[in-house]
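Structure, as structure tokens:
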Amino acid sequence: MIKEYKTISEVAGPLMLVRDVHGAAYNELAEIQLQNGEIRRCKVLEVNGTNALVQLFESSAGINLAESKVRFLGHGQELAVAEDMLGRVFNGMGHPADGGPELLAEKYLDINGLPMNPAARNYPSEFIQTGVSSIDGLNTLVRGQKLPIFSGSGLPHANLAAQIARQAKVLNSDAKFAVVFAAIGITFEEADFFISDFKRTGAINRTVLFINLANDPAVERIATPRMALTAAEYLAFEKGMHVLVIMTDITNYAEALREVSAARKEVPGRRGYPGYLYTDLATMYERAGRRLGSEGSITMIPILTMPEDDKTHPIPDLTGYITEGQIILSRELYRKNILPPVDVLPSLSRLKDKGIGEGRTREDHANQMNQIIACYARGIEAKELMTILGEAALTDMDKLYAKFADEFDKRYINQGYDENRSIEETLELGWRLLEILPSSELKRIKPQFIEKYYKKS
């Protein structure tokens, strides 16, 4: 029996206090019925004795405290799931936003799922090909991994996200591949870009989109990534699919969390973010992975813009602790029109060695990766030296390394957003670049691989 209460005592912005409530629970959904019959939704933020503090999903304008009724629904936020979700666009609350009909739900799942039990995890070990050389060749993504992209304001992370969503696939696997894309707090223009890009390329057919716009309420922004993860868990662990979850922008999510925390008058932590930001992010990120006894898996790429390009800001800092590496976008490469502008030296995939090698990518992959990183780092040093002392101060070998670094930027990292390179193409390109240097400099590659792949006469 759902009880109704006419005991709203005060409204402050999106918050509303309801008195003499019995049995309300944290995160429970509620409805407010206005005098004219209009219904607005809200969620319980806090319960103190018989007082319940709720946050509205819509505006609080026009609520008559004496006449409006509140009813608590007895459950948290739920998402209707079915395999027909693929190819559909939903808003941040899981309702269709593509003009199509409501989903015929197989079941309703609570969006506040639990992080995966470490004892139930299967170790990530299968290579995912994104078609982007700087990721596949040097910072390999592995099925079940959490690999965030750290970007800066104005950098083209949206284009990279759309490219990965379009191109990603698990090699040598018959299992179905799906993408769950959560856009959090983005502009209408960005939302239109993602939807039209997926429709143009046909990627929409294997994708579920959740779009939360910048003018939607903060409390909906907090729900959006959890909606996406709930859909991913259903497709992965009940339908046996390999699911890639891309979430952009986690910074907007953290800002919404800070807004709600401030409204609740909680004691702020670093830079005004709530003290539980680490725990909150971990409850989301740790829902990704491979589960023992299950064919399906969830691989996650959260994208976040670093305020003032600061890696030590709480959001990238805490994300780096929880996830297995990071892909960092470079403003300097972007200015040189190198796209996607992935800065390979500070980028890192901690599981890259688990998904490469014979039977996964190719036997020479690990050796080539280590050699390219070493040569590129030395080439960058040579270029810096050239800037300070002039080209005349460089040895002939340093000049070759500087040339390698320039060619590497132009040919390996720079590929645009429409080129989909196979891992074989990426590895071949790596060898052609290494041929700029004499074979005696390739000290990190086994002699048999040099003999087989190094073709410089």
Side-chain angles (χ1 to χ4, degrees), residues 127-141 149 151 155-157 159-160 162-164 166-168 327-349 352 356 361-387 391 394 396-445 449-450 452-457:
F127 169 71
I128 289 183
Q129 180 177 290
T130 64
V132 180
S133 289
S134 47
I135 297 175
D136 291 349
L138 305 174
N139 294 290
T140 312
L141 178 65
I149 295 174
S151 180
L155 293 181
H157 48 269
N159 303 65
L160 181 58
Q163 183 178 15
I164 292 170
R166 266 197 323 268
Q167 297 178 177
I327 303 291
I328 296 179
L329 300 190
S330 158
R331 203 170 287 283
E332 189 185 340
L333 290 175
Y334 181 55
R335 285 196 192 105
K336 293 179 186 171
N337 202 32
I338 289 166
L339 305 173
V342 176
D343 194 347
V344 296
L345 293 181
S347 296
L348 169 70
S349 168
K352 62 186 174 186
I356 62 175
T361 54
R362 208 169 73 181
E363 55 186 357
D364 59 314
H365 191 159
N367 279 195
Q368 190 200 89
M369 175 171 65
N370 293 335
Q371 187 65 64
I372 283 178
I373 293 285
C375 293
Y376 186 59
R378 186 165 165 191
I380 295 290
E381 277 177 27
K383 284 172 68 179
E384 286 170 355
L385 203 62
M386 195 191 298
T387 308
E391 195 173 336
L394 264 59
D396 289 342
M397 191 55 73
D398 281 340
K399 286 175 189 170
L400 279 180
Y401 275 106
K403 183 186 175 187
F404 174 85
D406 283 334
E407 288 297 311
F408 181 78
D409 284 346
K410 283 182 207 156
R411 290 164 58 192
Y412 194 97
I413 297 176
N414 185 35
Q415 66 176 84
Y417 297 112
D418 293 314
E419 187 180 348
N420 184 0
R421 291 181 188 160
S422 69
I423 187 61
E424 286 79 15
E425 289 173 317
T426 293
L427 291 169
E428 283 306 312
L429 180 56
W431 277 109
R432 299 299 76 79
L433 286 166
L434 288 171
E435 285 165 10
I436 292 170
L437 302 164
S439 58
S440 58
E441 289 295 303
L442 309 185
K443 297 183 175 70
R444 294 167 186 264
I445 300 180
F449 296 150
I450 293 176
K452 185 173 179 182
Y453 296 107
Y454 184 86
K455 292 173 185 167
K456 186 177 178 183
S457 53

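Residue indices begin at 1 and follow the sequence shown.
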Checking [X] now: which residues fulfil side chain to side chain donor-acceptor pair (under 3.5 Å) with it, not counting sequence neighbours?
{"X": "K410", "value": "none"}
{"X": "S134", "value": "none"}
{"X": "K383", "value": "D406"}
{"X": "R378", "value": "D398"}

Sequence-distant partners of Y376, ring pair (Phe, Tyr, Trp, His ring centres under 6.0 Å), two or more places apart: F408

With Y453 via ring pair (Phe, Tyr, Trp, His ring centres under 6.0 Å) - residues at least two apart: W431

side-chain contact (heavy atoms from CB on, under 4.5 Å) partners for Q415, two or more places apart: V132, S133, Q163, P340, E419, R421

Residues forming a side-chain contact (heavy atoms from CB on, under 4.5 Å) with S330, sequence neighbours excluded: E332, L333, D343

Under 3.5 Å side-chain donor-acceptor pair for Y412 and E407: no

Short side-chain donor-acceptor distance under 3.5 Å, T130 and D136: yes

Is there a donor-acceptor contact under 3.5 Å from the side chain of [X] to the main chain of [Y]?
{"X": "Y454", "Y": "S439", "answer": "yes"}
{"X": "H157", "Y": "L155", "answer": "yes"}
{"X": "S349", "Y": "L141", "answer": "no"}
{"X": "Q371", "Y": "R444", "answer": "yes"}

Return the set of residues passing salt bridge (charged side-chain N to carboxylate O under 4.0 Å, His left out) with [X] (not counting sequence neighbours), or none when no residue passes.
{"X": "E424", "result": "none"}
{"X": "R432", "result": "E428, E435"}
{"X": "K403", "result": "none"}

Salt bridge (charged side-chain N to carboxylate O under 4.0 Å, His left out) pairs, two or more places apart, involving residues 364-377: R362-D364

